[in-house]
Amino acid sequence: MKLIDFNNKAYEYNKLEKEVLDFWDKNKFFEPEYKDERDETFTIILPPPNANSPLHLGTMSGNTIQDILGRYNRMNGKKVLLLPGKDHAAIQTEVVFEKVLQKRGIRKRDLKREEFYNLCYEFCMENAKIAREQEKNIGLSADYSREKFTLDENITKIVYETFKKMFEEDGLVYRGKRIINWCVRCQTALSDIDTEYQEEDSKLYYIKYGELTVATTRPETKMADVALAVNPKDKRYRHLIGKVIDIDSIEGKRSLPVLGDSSVDINFGTGVLKVTPGHSKEDFRLGEKYNLPIIMVIDTNGKMTFEKYKGMKVKEAREKVVEDLDKMGLLEKVSDIKHNIQVCERCKSVIEPLVSYQWFVKTKELARSLIDEGEKGNPKIYPKRQEKNYLRFLENIEDWCISRQQWWGQRIPAYYCGGKITKINESGDITEEILGCGNIFVSIDKPKECPRCKSKKIVQDEDIFDTWFSSTQWPFSSLGGINGKDFKEFYPTNVMETGRDILFFWVARMGIMGLYVTEKIPFKTVYLHGLVLDKDGKKQSKSRGNGIDPKDMIDKYGRDALRLSLVSSVAPDQDFRLFEEKIKGYRNFINKVYNSSRLIFMMLEKNKNSLPSIKNSYGAYSTKTSINISREMTDHVKKINRLFKNYEIGLVAFELQNFYHHIFCDIYLEAIKPHQDDPKALGEILYVFYQNILLLHPFIPFITEHIFQDLKRLGYIDTENETMDYEIYPKL
RNA sequence: GGGUUCGUAGCUCAGUUGGUUAGAGCACAACAUUGACAUUGUUGAGGUCACUGGUUCGAAUCCUGUCGAACCCACCA
């Protein structure tokens with residue numbers, strides 16, 4: 001690294017930042033072993049970004065916050081590990097990559113599973129490379145020698161081991177018949193997070209059920225009804241609860257029991273609900289509660305299985321059913337209704353709730369001990385108010401469907417002796433039969449035979465794991481699992497910094513899986529950040545065209561400026577607006593840092609020969625000026641450390657800038673200028689300046705590293721450290 | 001339906017456990033400058049702290065209610 005050329009009046013960030021970047025890249029400063037003698041560790045497992053696209057600003061903002069915490073702790077004598085990784089993001093990537101293939105004129109169904117997997121793997125590796133460059137480019141001081149990908153062999157092995165232990169030892173995983181969100185187009189089960197709601201105009205049909213009338217938007221599922229339900233508080237129907245009523249229907253005469261359940265909304269429609277456990281989530285729950293049978297009339301292609309409408313698509317069947325009901329005199333009336341329909345987040349197809357055989361984790365039992373810990377404040381969550389949400393989620397947690405009918409991901413290591421057959425019988429009941437000796441077993445390596453009957457005819461489950469099943473094990477799998485060397489040294493981690501939108505899906509379940517596998521909660525502190533919005537408060541996205549290109553901003557304003565813009569005025573869990581003028585403002589601040597350094601270096605150089613005592617007076621506040629810099633510094637340093645303790649990163653950034661610009665430069669430097677030929681004053685300037693540069697370093701490490709290198713080279717500071725990250729942060 | 005957050009200058013936001021005259025940046029106006037920095041400095045204008053009622057010696061801050069904005073969870077039969 002060359003000395004800063006102080007002939008330039010403006011800071012040449014691009015050139016100078018690149019020098020720093022190269023310097024860091026060539027050395028191993030960010031590997032914890034660099035200072036192996038340090039005892040106390042500080043670990044952050046960085047949330048692995050999806051390997052299907054370059055990083056967006058939200059991820060970069062998170063990276064910057066984590067880097068600031070990493071550097072701050074490094075400067076506080078800790079052995080710091082920031083562990084980077086990339087996530088395969090199962091279904092999301094699969095859909096993205098399908099579109100990429102489409103552009104190349106290839107259809108997924110024309111490829112073999114393995115071919116698809118390999119092409120997708122290549123695609124992800126390319127994107128991971130871009131993301132890695134971006135991370136380094138904003139100065140993320142992570143240890144890339146330890147970087148992981150969620151589909152790395154050793155990671156998958158740990159995920160498989162967990163699954164085996166859950167299934168075979170503890171019975172916490174089961175294969176069950178439950179209702180799931182089914183995407184007809186993607187042909188897969190989806191978790192709630194993979195779906196969203198869209199408002200749609202539709203019809204509400206009032207249909208006669210014997211003496212009662214039911215209002216429904218889904219008449220085509222009526223052949224799968226197994227009961228009716230009313231609210232016990234509803235005076236109109238209270239007398240019918242517990243009775244069985246006879247009805248006429250398309251499928252003939254039937255008898256349906258009438259249930260009383262408080263979940264029924266008295267004010268919706270007629271206040272009578274038809275219970276269809278095969279095709280509605282709420283009804284499935286009622287079915288479980290009252291032990292009702294399950295009937296299905298729609299298959300995984302979104303087509304009817306009921307004989308009369310066999311093969312028809314749902315919408316088509318709906319019209320036909322309504323027509324038939326009308327003919328039978330069972331249709332009372334039709335009204336318009338706006339309602340939200342659940343659609344696949346990726347392809348926007350309508351979700352068909354249906355019952356199928358899937359793998360589930362019994363999360364309720366596992367959540368119990370995490371709730372106990374949570375009530376004791378473990379982990380500590382910033383902002384604190386999210387603790388309530390976190391606990392409530394855990395208390396209401398449902399069994400977790402972890403199987404997906406996709407190709408991109410970790411294939412479930414479950415095997416069926418002789419294979420299996422799933423079918424829906426005449427009465428619409430779904431059944432599954434395991435062939436061979438009926439054994440289902442889990443094996444981490446590819447098995448040669450059934451361990452029970454020794455049959456060689458064994459078939460692996462076609463499904464893959466939900467991406468969250470692997471990512472919730474990331475805090476320990478990325479450290480090599482419970483027997484890993486890194487695990488022993490760095491687990492549990494100190495901080496989990498992530499978007500507040502995945503508190504439930506990721507953070508809470510990481511707690512569950514971590515506690516189950518390692519008997520420890522994987523992190524001591526959770527820090528949740530908000531979303532990055534544009535100037536008008538809208539979410540930044542490519543499709544809106546309001547997204548800021550990080551590379552563009554780096555070229556225009558530099559890395560340090562971008563970093564500041566990503567963390568300044570950021571409060572935990574609070575969305576913040578980012579726009580170009582803001583970044584420009586931070587560029588001006590960086591320039592201020594540069595020019596004040598230029599002034600100080602000039603003053604020092606000018607008096608170089610008359611400064612034998614500089615190191616003696618170093619650290620002393622000796623000059624009388626209009627400002628009491630000693631007290632100002634004391635207060636400032638106290639404040640900064642206090643804010644750091646409370647993870648008020650945005651406020652720290654703000655205070656640092658404010659102090660440096662308006663106290664240090666505008667007042668102090670101006671006041672001390674007249675004394676600049678006094679060696680004692682110069683010692684003081686140097687000391688105050690360096691303290692400030694140290695304080696700023698975690699936030700704007702490029703320019704401060706450069707200044708540090710120059711101060712060291714010119715002999716103004718006395719240090720053995722090769723990089724500023726190992727200097728000691730000002731404390732009182 | 002349940003929950004959370006927010007509403008402070010034209011804009012973006014600070015404002016610690018209640019305490020003088022409510023702050024900063026941007027934008028605006030005037031002035032300065034060849035001595036670190038026009039990517040600068042000084043000064044100025046600009047606020048009924050959404051509204052209402054209350055607690056208090058004292059409220060932007062605490063409490064009640066209203067209005068407005070955003071978000072999360074559940075549900076949408």
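Each chain gets a letter, A, B and so on, in the order the sequences are listed, and its residues count up from 1. Just the heavy atoms: all of them, side chains too, but no hydrogens, waters or symmetry mates, feed the values below. Please read all numbers here as calculations on a predicted model, not as lab measurements.
- Ranking rU40(B), rC37(B), rG3(B) by closeness to the Asn588(A) side chain, first place goes to rU40(B).
- Nucleotides rG58(B) and rU12(B), compared at atom C1', are 31 Å apart to the nearest Å.
- Contact check, His662(A) against rG25(B): a side-chain N or O comes under 4.0 Å of OP1 or OP2.
- Of the residues Ile554(A), Leu564(A), Leu566(A), Leu562(A), the one that meets the side chain to side chain contact (heavy atoms under 4.5 Å, CB included) test with Ile583(A) is Leu562(A).
- Between rA74(B) and Arg392(A), no contact under 4.0 Å exists linking OP1 or OP2 to a side-chain N or O.
- For Lys9(A) against rC37(B), a side-chain-to-base donor-acceptor contact under 3.5 Å is absent.
- Backbone-only contact: Phe504(A) has heavy atoms under 4.0 Å from sugar-phosphate atoms and none from a base.
- Across all strands shown, Val275(A) has no heavy atoms under 4.0 Å from either base or sugar-phosphate atoms.
- Listed in residue order, the members of residues 210-233 of chain A having a heavy atom less than 4.0 Å from RNA chain B are Ala215(A), Thr216(A), Thr217(A).
- Classification of Asp225(A) and Arg254(A) as a salt-bridged pair fails, no side-chain N sitting under 4.0 Å from a carboxylate O.
- Between rA9(B) and rG25(B), the two C1' atoms lie 12 Å apart (nearest whole Å).
- Positionally, the nearest nucleotide of RNA chain B for Lys584(A) lies more toward the 5' end than for the other of Asn595(A) and Lys584(A).
- In this structure, Tyr197(A) atom OH and rG1(B) atom P are separated by 17 Å, rounded to whole Å.
- Checking rU42(B), rA24(B), rC37(B) against every side-chain atom of Glu670(A), the shortest atom distance belongs to rC37(B).
- Here, rC62(B) and rU5(B) have their P atoms 11 Å apart, quoted to the whole Å.
- Residue contacts for Arg642(A): at a heavy-atom cut-off of 4.0 Å it reaches a base atom on one of the strands shown.
- Salt bridge annotation for Glu319(A)-Lys203(A): absent, with no cationic side-chain nitrogen under 4.0 angstrom from a carboxylate oxygen.
- At the heavy-atom level, His279(A) lies nowhere under 4.0 Å from the strands shown.
- Comparing rC76(B) with rU4(B), their C1' atoms are spaced 22 Å from each other, to the whole Å.
- Thr276(A) OG1 to Glu282(A) CD: the interatomic distance, rounded to the nearest 0.5 Å, is 12.0 Å.
- A salt bridge between Lys673(A) and Glu670(A) is present, with a side-chain N of the basic residue lying under 4.0 Å from a carboxylate O of the acidic one.
- If you run ring-ring contact (aromatic ring centres under 6.0 Å, His included) between Tyr11(A) and each of Phe6(A), Tyr594(A), Phe702(A), only Tyr594(A) comes through.
- Using a 4.0 Å heavy-atom distance criterion, Glu282(A) is classed as a sugar-phosphate-only contact.
- Summarising the geometry, the separation between OH on Tyr209(A) and C1' on rA77(B) is reported as 10 Å, rounded to the nearest angstrom.
- In terms of heavy-atom proximity, Leu669(A) sits nearest to Ser596(A) at CD1-CB, 4.0 Å.
- At whole-Å resolution of the value, OH in Tyr11(A) and P in rU40(B) are 16 Å apart.
- Computed from coordinates, the Ile179(A) CD1 to rA77(B) P distance equals 12 Å when rounded to whole Å.
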N/O-N/O pairs, protein side and nucleotides 4-15 of chain B side, under 3.5 Å:
{"from": "rU5(B)", "atom 1": "O2'", "to": "Gln574(A)", "atom 2": "NE2", "distance (Å)": "3.3"}
{"from": "rU12(B)", "atom 1": "OP1", "to": "Arg577(A)", "atom 2": "NH1", "distance (Å)": "2.8"}
{"from": "rU12(B)", "atom 1": "O2'", "to": "Lys582(A)", "atom 2": "NZ", "distance (Å)": "3.2"}

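- A donor-acceptor pair shorter than 3.5 Å can be found between the side chains of Tyr309(A) and Asp324(A).
- rC76(B) atom C1' lies 14 Å from atom CG of Asn181(A), rounded to whole Å.
- The base of rA77(B) has none of its N or O atoms less than 3.5 Å from a complementary donor or acceptor on the side chain of Lys281(A).
- In this structure, Ile600(A) places its CD1 atom 12 Å from P of rA36(B), rounding to the nearest Å.
- Considering only side-chain atoms of Lys673(A), the nucleotide from rA36(B), rA24(B), rG3(B) that sits closest is rA36(B).
- Toward the 5′ end of RNA chain B lies the nearest nucleotide of Ser596(A), the other residue of the pair Ser596(A) and Ile337(A) mapping further downstream.
- The distance between atom CD of Glu12(A) and atom P of rU39(B), rounded to the nearest whole Å, is 16 Å.
- Taking 4.5 Å as the limit, every side-chain heavy atom of Tyr205(A) sits out of range of all side-chain heavy atoms of Leu325(A).
- Here rG35(B) presents its P atom at 17 Å from CG of Asp677(A), a figure rounded to the nearest Å.
- rU8(B) sits 9 Å from rG15(B) when the C1' atoms are compared, rounded to a whole Å.
- With C1' as the reference atom, rU64(B) and rU56(B) are 16 Å apart, rounded to whole Å.
- With respect to Lys384(A) and Glu387(A), a salt bridge is recorded, a charged nitrogen being found less than 4.0 Å from a carboxylate O.
- Side-chain contact, Ser249(A) with Lys222(A): a donor N or O sits under 3.5 Å from an acceptor N or O.
- Consecutive Watson-Crick or G-U pairing (both distances under 3.5 Å) extending over three or more pairs maps onto RNA chain B as B:1-7 with B:67-73, B:10-13 with B:23-26, B:28-32 with B:40-44.
- Note on ring orientation: taking the six-membered ring where Trp is involved, the planes of Phe589(A) and His661(A) are tilted (angle from 30° to 60°).
- Side chain of Arg587(A), nearest nucleotide from rC71(B), rU39(B), rA36(B): rU39(B).
- Salt-bridge check for Glu648(A) with Lys639(A): failed, with every basic side-chain N at 4.0 Å or more from each acidic carboxylate O.
- Nucleotides rU66(B) and rG53(B) place their C1' atoms 11 Å apart, quoted to the nearest Å.
- Taking the C1' atom of each, rG18(B) and rC72(B) are spaced 31 Å apart, rounded to whole Å.
- Remark: the His636(A) side chain and the Glu655(A) side chain contain no N/O donor-acceptor pair separated by less than 3.5 Å.
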